[in-house]
Novice: 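This is the structure, below, for whatever I ask next.
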Amino acid sequence: MVAIKDLPEEEYVLEGNAACPGCPITIALRTVLKALGKDTIMTVPASCSAVIQSLYPKTSFAVPTLNIAFEAAAASASGIEAALHAQGKDDVTVLAWAGDGGSYDIGLQALSGALERGTNFIYVCYNNQMYSNTGVQRSGATPYGAWTTTTWTGKKERQKNLAEIAMAHNIPYVATASIAYPTDLYRKAKKAKEIKGPKYMEIIAPCPPGWRFDMSKTVEMAKLAVETGAWLMYEFENGKLTFNGPSKGIVEGSREPKPVEDWLKMQGRFRNLTEEDIQKIKRDLKEGWEFYRKKSQLF
Amino acid sequence: MVAIKDLPEEEYVLEGNAACPGCPITIALRTVLKALGKDTIMTVPASCSAVIQSLYPKTSFAVPTLNIAFEAAAASASGIEAALHAQGKDDVTVLAWAGDGGSYDIGLQALSGALERGTNFIYVCYNNQMYSNTGVQRSGATPYGAWTTTTWTGKKERQKNLAEIAMAHNIPYVATASIAYPTDLYRKAKKAKEIKGPKYMEIIAPCPPGWRFDMSKTVEMAKLAVETGAWLMYEFENGKLTFNGPSKGIVEGSREPKPVEDWLKMQGRFRNLTEEDIQKIKRDLKEGWEFYRKKSQLF
Amino acid sequence: MKTTISYPTKEAMGKTGSWRVFRPVLHEDKCIKCWMCWVFCPESAIRKEEFPKIDYDFCKGCGVCANECPVNAIEMRREEK
Amino acid sequence: MKTTISYPTKEAMGKTGSWRVFRPVLHEDKCIKCWMCWVFCPESAIRKEEFPKIDYDFCKGCGVCANECPVNAIEMRREEK
Amino acid sequence: MPLTEVVFYGRGGQGAVTAANLLASAALKSGNEGVQAFPLFGAERRGAPVKAFARISDTKIYLRSQIYFPDIVVILDTGIMDTVNVTSGLKEEGTVLMNTPRSPEEIDMPFRVATVDATGIAIENKILVGGIPVVNTPIIGALPKLMDNLTIGAVREAIIERWGKNAGEKNADAAEKAYEGVRIK
Amino acid sequence: MPLTEVVFYGRGGQGAVTAANLLASAALKSGNEGVQAFPLFGAERRGAPVKAFARISDTKIYLRSQIYFPDIVVILDTGIMDTVNVTSGLKEEGTVLMNTPRSPEEIDMPFRVATVDATGIAIENKILVGGIPVVNTPIIGALPKLMDNLTIGAVREAIIERWGKNAGEKNADAAEKAYEGVRIK
Amino acid sequence: MKVIDTANNIAALAAKMARPKVISAYPITPQTTIVEKLAQYVESGELKSEFIRVESEHSAMASCIGAEATGVRTFTATSSHGLLLMHEMLHWAALARLPIVMVNINRAIGPGWSIWSDCNDSVAQRDTGWLQFYCSSNQEVFDTVIQAYRVAEHKDVQLPVMINYDGFILSHTSMPAEIPSQEEIDSFLPEYSPEWKLDTDNPITHGNIIGPEYYMEVRYDMHMSQQKAKKVIKDVDREWAEKFGRSYGGLIEKYRCDDADTVIVSYGAMGAEAHASVDELRKRGEKVGLARLRVFRPFPKEEMKEIAENSELIVIDRNISPGMEGAMATEIKATVGTNIKQFIAGLGGRDVTYRDIVRMYELAKENKDGWYSVEVE
Amino acid sequence: MKVIDTANNIAALAAKMARPKVISAYPITPQTTIVEKLAQYVESGELKSEFIRVESEHSAMASCIGAEATGVRTFTATSSHGLLLMHEMLHWAALARLPIVMVNINRAIGPGWSIWSDCNDSVAQRDTGWLQFYCSSNQEVFDTVIQAYRVAEHKDVQLPVMINYDGFILSHTSMPAEIPSQEEIDSFLPEYSPEWKLDTDNPITHGNIIGPEYYMEVRYDMHMSQQKAKKVIKDVDREWAEKFGRSYGGLIEKYRCDDADTVIVSYGAMGAEAHASVDELRKRGEKVGLARLRVFRPFPKEEMKEIAENSELIVIDRNISPGMEGAMATEIKATVGTNIKQFIAGLGGRDVTYRDIVRMYELAKENKDGWYSVEVE
Ligand SMILES: Cc1ncc(C[n+]2csc(CCOP(=O)(O)OP(=O)(O)O)c2C)c(N)n1
Ligand SMILES: Cc1ncc(C[n+]2csc(CCOP(=O)(O)OP(=O)(O)O)c2C)c(N)n1
Ligand code: SF4
Ligand code: SF4
Ligand code: SF4
Ligand code: SF4
Ligand code: SF4
Ligand code: SF4
Ligand SMILES: [Mg+2]
Ligand SMILES: [Mg+2]
């Protein structure tokens with residue numbers, strides 16, 4: 001694994017952009033683009049990532065970028081890839097960079113279609129667990145119990161598991177990552193770049209205004225998500241599932257995760273959880289670890 | 001399990017409809033509606049099932065039926081369910097009845113959304129593995145190697161696994177069935193009716209003109225699909241996976257499936273398979289059984 | 001107010017029996033009343049009476065019943081017109 | 001022909017350093033050059049020079065660098081304006 | 001004959017639409033500038049009645065509507081005459097061409113009637129799909145006998161163009177047999 | 001005063017939009033028939049400059065456009081004056097209200113200038129969000145001193161209506177303190 | 001009760017008071033606050049309604065269709081790209097004759113992304129069969145949401161209604177509004193009694209295949225119901241005025257038109273702003289009036305003709321049908337003749353002040369028109 | 001080479017000969033045979049192109065946008081509900097200024113499901129910024145597909161083009177067409193050279209947020225490009241005529257108009273059928289001509305005015321904007337004045353024969369118009 005100091009110095013997310021202070025998206029995108037490099041074409045649906053670019057006629061992104069309708073990231077990527085292929089430019093990486101809303105919800109169908117037809121691209125869902133661009137509404141990725149402006153008393157359903165859905169598509173590479181583990185993220189993006197076919201990656205991206213925590217804690221929050229087992233980091237390569245970093249121990253049962261309360265209590269969105277809710281969340285998490293423990297043993 | 005002779009005599013698919021002779025859809029729907037009974041509201045997207053109803057101002061369906069746009073079956077079901085609930089009519093079953101095109105492809109997002117938000121309904125995908133209504137085009141459910149009018153030299157990709165995707169949604173009930181096993185199908189529909197929350201069912205439905213076989217062989221083809229292991233019948237209930245009928249033995253390895261060639265060779269759509277293709281299909285099938293053997297042991 | 005509201009009707013597409021090229025004919029003597037033909041008929045054209053009763057007004061002649069009958073009690077004969 | 005084509009520009013939103021309420025100040029003596037601050041800065045506002053070099057024209061003052069610095073070599077001071 | 005309008009009646013699976021197309025194609029090869037063929041569309045179901053149209057003219061055709069007053073009616077399957085009034089709109093001086101082993105004299109219709117045993121010819125010439133005789137090529141073979149603006153040579157050509165050498169020849173031969181065998185009242 | 005137009009300048013997170021809304025609400029309670037408040041919209045980012053507008057009139061307001069020639073300019077954060085020309089369009093006889101501990105005399109502007117230490121008052125009255133002083137309620141308190149059509153009582157009322165009894169009283173007190181403390185040149 | 005709030009919050013309040021049984025909506029700037037508010041009303045129990053949290057606007061409309069077809073009153077709201085994504089379902093709702101009420105916040109279409117106001121989004125839906133209202137104040141937003149249900153559900157109409165207003169300019173602007181009591185609203189708007197519904201006691205099928213023999217009559221009936229809606233809208237406006245003292249002139253609201261030789265025709269926020277322009281011009285002695293198009297579908301032909309009889313028209317559009325012209329201008333010309341002046345202004349949120357409208361008047365008098373501030377001036 | 005085939009097969013052939021690098025389409029009746037044919041061309045190697053098998057029409061257009069933005073020529077085809085589902089992406093493609101060419105087979109909108117022809121589908125897209133052609137013969141379909149690329153890709157235009165023709169009436173009707181050689185086509189239609197594209201050597205961003213300061217000019221430019229397209233279409237039609245001997249009159253094809261005191265205006269299949277009506281009426285001594293609207297966007301104002309100068313107009317629409325009238329009639333009236341006769345005919349596949357058109361002429365002379373065979377007669 002490459003050391004932090006050896007990560008490329010090239011920056012494709014320029015200074016003076018429109019992200020909120022402490023934004024997780026720019027952290028994630030900086031690292032991913034360091035891995036993919038200059039020969040990347042990006043497509044971005046409606047999301048905070050569209051806003052971050054700043055206003056016409058300027059942009060803060062330094063790789064060619066197509067903005068596209070909220071639900072159309074993966075479909076536009078299929079078009080970009082086909083056009084590149086038709087022109088013999090098979091060395092350019094196609095990156096669809098979408099939020100959880102654009103991936104779990106309104107863009108799911110386009111994503112599933114692209115996975116099924118074998119588009120050669122990397123789809124990254126940065127998951128801040130809500131529609132942050134429109135002011136914190138629930139998404140399919142919003143966890144149980146979280147306050148949003150469309151779930152005032154806490155979300156009643158558990159989140160969708162999109163990485164699991166991606167795996168059900170039998171694609172060559174699925175990986176989850178966290179902005180708090182940049183070398184792991186870098187490595188995964190590099191690997192995805194080398195694999196032919198559809199690749200799905202998902203990055204947990206804690207958003208200070210949306211989750212209601214202090215803007216200096218973005219990375220800390222992403223780290224705690226992993227250390228408490230609220231977020232699992234893994235790779236699924238040709239049917240084989242491997243866990244990375246702290247997630248490995250947590251899933252295998254060899255590492256005691258930090259109490260999830262540590263993570264929940266730092267976030268204003270979980271302020272109104274009852275003790276019962278917390279117990280349910282703990283049970284659900286355990287169930288998830290157990291599921292993945294079995295799954296990783298077998299597959 | 002109820003005996004064939006004891007199945008209800010009520011018919012909700014009336015004689016003199018517009019289905020082709022030997023149509024698998026009417027066979028499937030007759031059985032499902034016998035199980036769900038009169039207090040069912042159905043929503044049907046564009047598909048052969050829309051055509052079968054016959055022309056305005058007459059209909060061959062005898063339960064209240066809403067036709068809806070191709071991609072909108074599940075979303076309209078959420079609306080129907082909400083309206084019933086708001087009126088206190090919680091004893092009416094909401095049935096979304098869609099083809100594989102309307103489920104695997106264009107209707108997937110609406111389906112996934114309804115599953116995630118917990119709509120209390122039964123979604124049935126009758127799977128004839130292509131867009132039959134528009135004249136046999138490839139769908140996400142079309143198997144590897146099959147000729148369609150958009151895959152003249154055989155489909156190059158493997159089919160999507162929608163039941164697996166449904167299971168990844170963590171819903172209370174997922175079941176697969178075959179029109180050749182009507183009492184099994186009946187039982188599953190009955191069970192689905194009793195469970196609260198989103199239920200997903202998928203029925204293999206061999207289509208004579210689409211698959212290119214003689215119209216008298218519809219049921220035989222659906223049976224062979226199961227006996228060769230090309231189609232697996234199972235139930236997934238609250239995380240527990242159980243295989244039914246011949247599929248049980250095939251997945252467990254205790255029953256030698258019939259050679260899949262028996263099934264392939266009866267179908268004109270597989271006429272141009274090479275020996276290599278057939279070997280690949282056999283490998284893929286084995287892989288699938290192995291996958292499910294493990295999965296059913298664990299969950 | 002006009003919208004496309006349709007009412008359940010037998011023979012919505014007319015007497016589909018006219019589509020038939022082959023006619024299923026039951027041999028009662030062979031029939032074991034397993035009701036396979038009834039459950040599988042795509043056309044709801046077989047009724048459960050003492051024996052399976054085929055409604056020739058609607059039977060499209062697909063031959064599924066004959067194919068599925070475990071004792072070959074149904075014979076498909078070319079329709080004469 | 002006019003469509004919305006934009007060109008990569010530093011300071012597309014202007015000098016975002018003016019958004020800052022708190023200013024990160026590096027204490028070189030403490031710094032162990034782990035480059036955590038550099039890799040995590042959401043603003044690409046830290047450059048890898050001999051020591052981490054904060055570009056105050058753009059640093060929005062989020063404090064992530066200070067929070068992540070393993071040796072507390074970065075201090076957040078209230079901006080004076 | 002500036003404009004000849006033909007209506008075909010058959011059943012789903014019998015190839016009535018193909019018959020209309022073949023006629024148009026052969027008419028083009030026979031030197032007509034304006035030709036046209038199209039189905040009456042609905043979801044075609046095997047066995048259910050279908051209808052198709054063809055127009056032939058020595059000048060460009062601008063008409064796009066259906067044919068209500070045909071010059072010729074071609075019946076691929078006499079069975080549908082139970083439910084469909086096939087001569088509706090047929091011009092007084094019009095012609096009915098019927099696929100039947102019967103002679104035209106046996107058919108009681110106030111029109112010029114021609115008959116040909118297309119089914120018999122199909123079986124004889126082994127043009128069957130799924131065991132069912134395909135009658136469209138033979139019946140088209142009978143038409144040049146009924147029309148000034150169509151030659152049997154052009155029909156042969158059109159058939160071979162469509163099905164290629166092998167199947168084409170077989171079908172063309174069937175057409176030719178019908179050409180010889182058609183009986184006109 | 002038939003129509004008073006007010007522009008607020010601040011930073012994302014400081015509540016400039018809320019200030020405009022409070023003013024409108026208080027103006028309504030002060031008996032004005034026409035009141036209006038709205039932001040200049042863009043994506044509001046914490047720390048980035050924001051602008052908001054309010055209109056007050058004794059008759060119904062039909063205007064829906066932005067305010068280009070304000071009567072009053074309210075500056076919640078003097079820091080933004082480095083990058084934004086806050087008095088652009090301000091009427092000759094217009095007023096500038098500034099959140100600053102400085103006295104109006106220290107401010108060199110060819111307008112009527114008023115100052116109030118809203119930040120100081122906020123800290124003093126412990127109205128802080130995430131440790132950062134919220135200056136919108138105190139600064140609104142200063143406005144009745146500068147306008148004929150606004151009472152401090154109505155400002156109190158509007159604040160309490162918005163934040164409820166507890167937080168409301170605290171904020172209203174801060175407003176009242178600003179009302180007392182505002183200095184006008 | 002007098003409140004002061006944004007048009008969005010007031011629309012949410014009106015929707016709540018109309019007591020829809022099912023609400024289904026998807027967030028999009030600048031509509032979000034409506035959805036948020038309604039979610040809050042439902043979660044707090046203030047409103048007894050099912051709130052469906054859909055995964056797209058397409059599904060929002062599809063679920064409204066499902067719910068309305070099952071016999072209950074529904075509500076939704078959207079904007080811009082959300083509205084465009086619904087397009088197929090808009091046609092569907094109208095042809096299914098379902099009296100759904102939807103608020104659309106006018107916002108420009110991308111790319112590039114614009115969150116600011118213009119009316120290309122709703123104007124592009126003019127052929128879907130929906131009734132279209134355009135509001136110019138928060139009070140009107142409230143009144144129109146309630147009225148819309150009466151109109152939509154009227155047995156002569158039975159069509160869905162879209163209520164439009166400008167993004168930010170109204171949606172995020174606080175203005176006062178008088179709110180009747182729930183009892184008053186209930187008596188004005190009785191419970192919904194559908195003309196058709198999915199009902200297990202009467203198993204109809206809706207929307208199966210319809211052949212050329214029948215289709216055209218269904219379309220004709222829909223068109224005629226739009227025509228009949230004109231009277232219904234006027235009646236409802238009149239009844240509202242009787243009960244609550246506020247009228248918007250039915251289809252077109254007129255201001256100082258009586259003796260006007262020139263009438264400015266506009267709608268939405270510009271239709272309010274132009275009041276000030278008319279006053280300003282009147283001060284100068286110009287005989288100018290204002291006709292604010294409150295209803296665009298059904299298109300108020302008769303009313304427009306009447307206005308044009310005595311006055312010259314200056315039409316100001318906040319939309320463009322590319323390759324043609326502003327849509328209101330087109331339809332007005334098709335109604336009263338080609339001899340009008342027509343401006344396009346305010347696209348993508350460009351501010352239009354009363355001074356700009358005065359200037360357009362001046363330009364028109366100099367025999368100029370076109371794209372204001374782009375082409376002319 | 002003379003071929004006889006359906007309009008769909010001929011459209012597929014034309015698309016093939018235009019050598020698009022990417023094709024992305026989703027099946028829908030009655031368009032399917034185009035998609036099938038193109039899939040076959042690609043799989044057989046006859047056409048070197050990427051064929052994207054998308055999961056919906058929305059994605060078909062989104063992937064065309066992605067591909068075209070990456071610098072290659074694209075093609076797609078759809079119909080009716082498929083077109084409606086693309087609505088948002090149609091706006092997108094046009095504002096992104098991507099010269100995509102699409103064939104749309106006109107088909108009525110549901111519910112109830114109708115697979116038969118009418119033009120409500122494409123007319124409802126009139127505000128999206130796409131150029132719109134309507135064809136009336138298979139030959140014209142071929143010629144227009146090739147021409148469309150020249151027009152769309154012209155540097156003065158840079159807008160997508162939609163080519164419409166009637167479902168079944170043309171799509172499934174075999175007619176003869178003369179097909180030029182591939183070399184002739186290649187020399188008429190050179191390789192595509194895009195005005196902007198995604199390119200790692202020049203990392204632009206397309207379509208990010210655009211504020212009120214800039215948006216309106218982008219819209220204006222798009223509108224002006226539509227206006228400029230009029231000349232380009234006429235030039236291309238002329239060049240085509242020179243090379244291949246066939247012209248369609250540019251924007252409007254006229255038949256026996258020169259001395260006509262009445263001109264029937266229609267489009268698509270009805271625009272062909274009306275030839276026979278004109279001939280029939282001429283035989284009776286009526287001085288009637290036919291103006292077939294070949295291009296609806298950009299709307300041919302100047303040409304329409306010229307025709308109206310010397311003749312009375314009878315407009316026959318195969319669409320309805322509910323609550324208004326037929327869309328062509330509206331736009332023609334907005335151009336030439338309100339004094340015309342207007343019919344709506346043929347919705348949902350209702351057959352319109354030349355006898356019907358003769359009858360409409362007679363009705364018009366009796367001062368009647370409206371919904372033909374529903375309202376009048
Ligand atoms: C069709 C459509 N519906 C809604 C929107 C409004 N919208 C823009 S971004 C967004 C939320 C994005 O959420 P997510 O994908 O999670 O990205 P994030 O904002 O969290 O970065 C929404 C609802 C839109 N642009 N288009
Ligand atoms: C938006 C839209 N796109 C395409 C179609 C055309 N269409 C109708 S049914 C159908 C295929 C249906 O396939 P499936 O869902 O598998 O059902 P089946 O016909 O096999 O029963 C298609 C492509 C449509 N009606 N709407
Ligand atoms: S809202 Fe959250 S995700 Fe969006 S830009 Fe701000 S910090 Fe980043
Ligand atoms: S095509 Fe197949 S599925 Fe469709 S109606 Fe015919 S037999 Fe049934
Ligand atoms: S399937 Fe055969 S044996 Fe069984 S009931 Fe029918 S006819 Fe009788
Ligand atoms: S032949 Fe087919 S339709 Fe007729 S009775 Fe048997 S199964 Fe039913
Ligand atoms: S405070 Fe934030 S923006 Fe400034 S240098 Fe540190 S991490 Fe970067
Ligand atoms: S994180 Fe701290 S120790 Fe590491 S390089 Fe930055 S300032 Fe130095
Ligand atoms: Mg998000
Ligand atoms: Mg299917």
Side-chain angles (χ1 to χ4, degrees), chain C residues 1-24 26 31 33-69 74 76-81, chain G residues 65-66 68-71 89 91-100 128-131 151-160 192-229 232:
Chain C
M1 193 272 304
K2 249 189 202 157
T3 183
T4 42
I5 291 169
S6 299
Y7 295 91
T9 321
K10 281 182 194 186
E11 55 180 299
M13 286 299 282
K15 295 241 158 71
T16 50
S18 73
W19 303 10
R20 207 165 47 232
V21 180
F22 293 92
R23 164 189 290 256
L26 175 71
C31 175
K33 300 191 187 175
C34 68
W35 303 111
M36 286 293 194
C37 54
W38 169 72
V39 81
F40 286 130
C41 173
E43 196 52 34
S44 319
I46 299 181
R47 254 168 285 290
K48 260 168 87 180
E49 300 192 355
E50 205 212 312
F51 283 98
K53 175 87 195 303
I54 297 168
D55 187 339
Y56 292 110
D57 278 354
F58 298 110
C59 160
K60 291 174 185 159
C62 65
V64 164
C65 53
N67 199 63
E68 297 311 315
C69 175
I74 299 175
M76 296 305 290
R77 287 195 197 144
R78 200 173 163 97
E79 197 64 60
E80 267 141 55
K81 284 187 195 158
Chain G
I65 289 170
E68 191 87 32
T70 311
M89 302 318 294
H91 285 275
W92 199 282
L95 269 162
R97 309 302 297 271
L98 296 169
I100 296 164
T128 58
W130 282 61
L131 276 65
V151 174
E153 294 169 4
H154 192 286
K155 69 174 191 341
D156 289 348
V157 180
Q158 292 280 315
L159 282 168
Y192 175 46
S193 146
E195 295 280 306
W196 73 271
K197 66 169 174 173
L198 299 169
D199 177 0
T200 53
D201 291 335
N202 177 24
I204 58 152
T205 283
H206 184 272
N208 54 333
I209 298 186
I210 175 166
E213 323 69 296
Y214 294 107
Y215 184 91
M216 198 157 164
E217 279 70 16
V218 172
R219 273 271 177 192
Y220 178 68
D221 187 81
M222 177 191 187
H223 174 63
M224 290 314 291
S225 296
Q226 278 255 4
Q227 301 294 25
K228 286 182 214 155
V232 177

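The chains referred to below are lettered A, B, ... by the order of the sequence lines, with proteins before strands, and numbering in each begins at 1.
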Novice: What is the minimum heavy-atom distance between G/P203 and C/P8, and which atoms define it?
Specialist: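 Heavy-atom minimum between the residues: O-CG, 3.1 Å.
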
Novice: Got a sec: does the NZ of C/K10 have more than 12 other heavy atoms crowding it under 6.0 Å?
Specialist: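 No, because the 6.0 Å sphere around NZ of C/K10 holds 12 heavy atoms or fewer from other groups.
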
Novice: As an exercise: rank G/V218, G/I210, G/D221 by heavy-atom pairs under 4.5 Å with chain C and give me the winner.
Specialist: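 Heavy-atom pairs under 4.5 Å are most numerous for G/D221.
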
Novice: Chain C heavy atoms under 4.5 Å from G/L95: which part of the residue, side chain, backbone, both or neither?
Specialist: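 Contact with chain C: backbone only.
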
Novice: Work out which heavy atom in C/T3 is nearest to a heavy atom in G/R97; give both atom names and the distance.
Specialist: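 Scanning both residues completely, I find the closest heavy atoms to be CB-CG, 3.6 Å.
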
Novice: For C/K48, does the NZ atom have more than 12 heavy-atom neighbours from other residues, nucleotides or ligands under 6.0 Å away?
Specialist: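 Check passes, neighbour count above 12.
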
Novice: For C/I5 and G/H206, work out which heavy atoms get closest and say how close.
Specialist: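 Residues C/I5 and G/H206, closest heavy atoms: CG1-CD2, 3.9 Å.
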
Novice: Please report the shortest heavy-atom distance between G/N208 and C/S6, naming the atom on each side.
Specialist: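 Smallest heavy-atom distance, with atoms named: OD1-OG, 2.7 Å.
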
Novice: Select, from G/Y220, G/Y214, G/W196, G/Y215, the one with the greatest count of heavy-atom pairs under 4.5 Å involving chain C.
Specialist: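 Ranked by heavy-atom pairs under 4.5 Å with chain C, first place is G/W196.
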
Novice: Rounded to the nearest 0.5 Å, what separation is found between the CE atom of C/M1 and the CD atom of G/E195?
Specialist: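 Output value for this atom pair is 5.5 Å.
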
Novice: Given that the side chain runs from C-beta out, which part of G/S225 has a heavy atom under 4.5 Å from chain C: side chain, backbone, both or neither?
Specialist: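 Neither part.
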
